[in-house]
Amino acid sequence: MKFEIVYILEKQRPVTLFARQLESGEFTLAESPMLGGVPIKRSVSQPRTLKKDGSPDLTLFAFVLSSANDLPRVQVGQIVELT
C-alpha cells in the first residue's frame, strides 16, 4: 500500500509521520512493519481531519517511528510503501 508523507511531527518524541493513503482498500500492519523501509511501531491512528468540503478525511493516517534516529530517512512529499 502506497502513502505520501504529508507532515512530520518531530518536536516531540516519539516522532509521528502523517501520511495520506494513495491507493484504495484496507491495509494491515505486519509483525515488524516498515514505511518506506523505515521501521515503525505496530500501531496506527487516524487523526480527525476534514477535507475542504467539510467531510471527514479518511485517507490520512499517523504512524510512529520505532526510532527517532530514522528521522533523516523520511521527508515530506516522499511516496512510501507500507510493508
Side-chain angles (χ1 to χ4, degrees):
M1 181 73 59
K2 291 189 180 191
F3 291 83
E4 178 183 6
I5 298 173
V6 295
Y7 184 76
I8 301 172
L9 183 60
E10 58 184 284
K11 299 276 186 216
Q12 64 184 35
R13 297 296 185 254
V15 174
T16 303
L17 306 176
F18 293 86
R20 186 166 314 285
Q21 185 177 349
L22 299 178
E23 302 170 335
S24 62
E26 296 182 11
F27 63 90
T28 58
L29 295 178
E31 189 65 35
S32 298
M34 301 187 87
L35 192 63
V38 177
I40 57 172
K41 294 191 177 179
R42 197 164 188 269
S43 67
V44 63
S45 63
Q46 197 165 30
R48 291 187 198 185
T49 57
L50 299 176
K51 296 179 182 179
K52 289 183 181 181
D53 66 3
S55 64
D57 186 348
L58 302 176
T59 64
L60 190 66
F61 294 88
F63 301 94
V64 177
L65 290 182
S66 292
S67 170
N69 294 333
D70 288 321
L71 184 57
R73 298 174 58 192
V74 294
Q75 59 186 339
V76 171
Q78 183 177 359
I79 307 297
V80 292
E81 183 84 26
L82 176 65
T83 57

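The first residue of the sequence shown is numbered 1, and numbering continues consecutively from there. Heavy-atom basis, side chains included; hydrogens, waters and symmetry copies ignored.
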[X] side, atom [atom1]; [Y] side, atom [atom2] - distance, nearest 0.5 Å:
X	Y	atom1	atom2	value
L71	L17	CG	CG	8.0 Å
F3	I79	CZ	CD1	11.0 Å
I8	L65	CD1	CG	8.0 Å
L50	L60	CG	CG	11.0 Å
T16	K11	OG1	NZ	14.0 Å
L29	M1	CG	CE	11.0 Å

Checklist line | Nearest non-hydrogen partners of A62 and P47, listed with the distance | finding: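 In terms of heavy atoms, the two residues are closest at N-CD, 4.0 Å.
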Cluster check [X], [Y]: I/L/V/M/F/W/Y, side chain < 4.5 angstrom:
X	Y	result
L82	V74	yes
V38	F63	yes
F61	I5	yes
L9	V6	yes
I40	V76	yes

Check: Is a donor on one side and an acceptor on the other found under 3.5 Å between the side chain of R73 and the backbone of G37?
Finding: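 Yes, R73 side chain to G37 backbone: donor-acceptor pair under 3.5 Å.
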Item checked: Short side-chain to backbone donor-acceptor contact, Q21 and G25, under 3.5 Å ->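 Indeed, once roles are kept as given, a pair shorter than 3.5 Å links the two residues.
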Notebook entry, point to check: What side-chain hydrogen bond (donor to acceptor under 3.5 Å, both in side chains) pairs are there with at least one residue in residues 38-62, not counting sequence neighbours?
Noted result: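 Matches after skipping sequence neighbours: R20-D57, R20-T59, D53-S55, D57-T59.
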Checklist line | V15 vs D70, side chain to side chain contact (heavy atoms under 4.5 Å, CB included): CA-CA, chis, key distance, verdict | finding: CA-CA 9 Å; V15 174; D70 288 321; over 6 Å; no
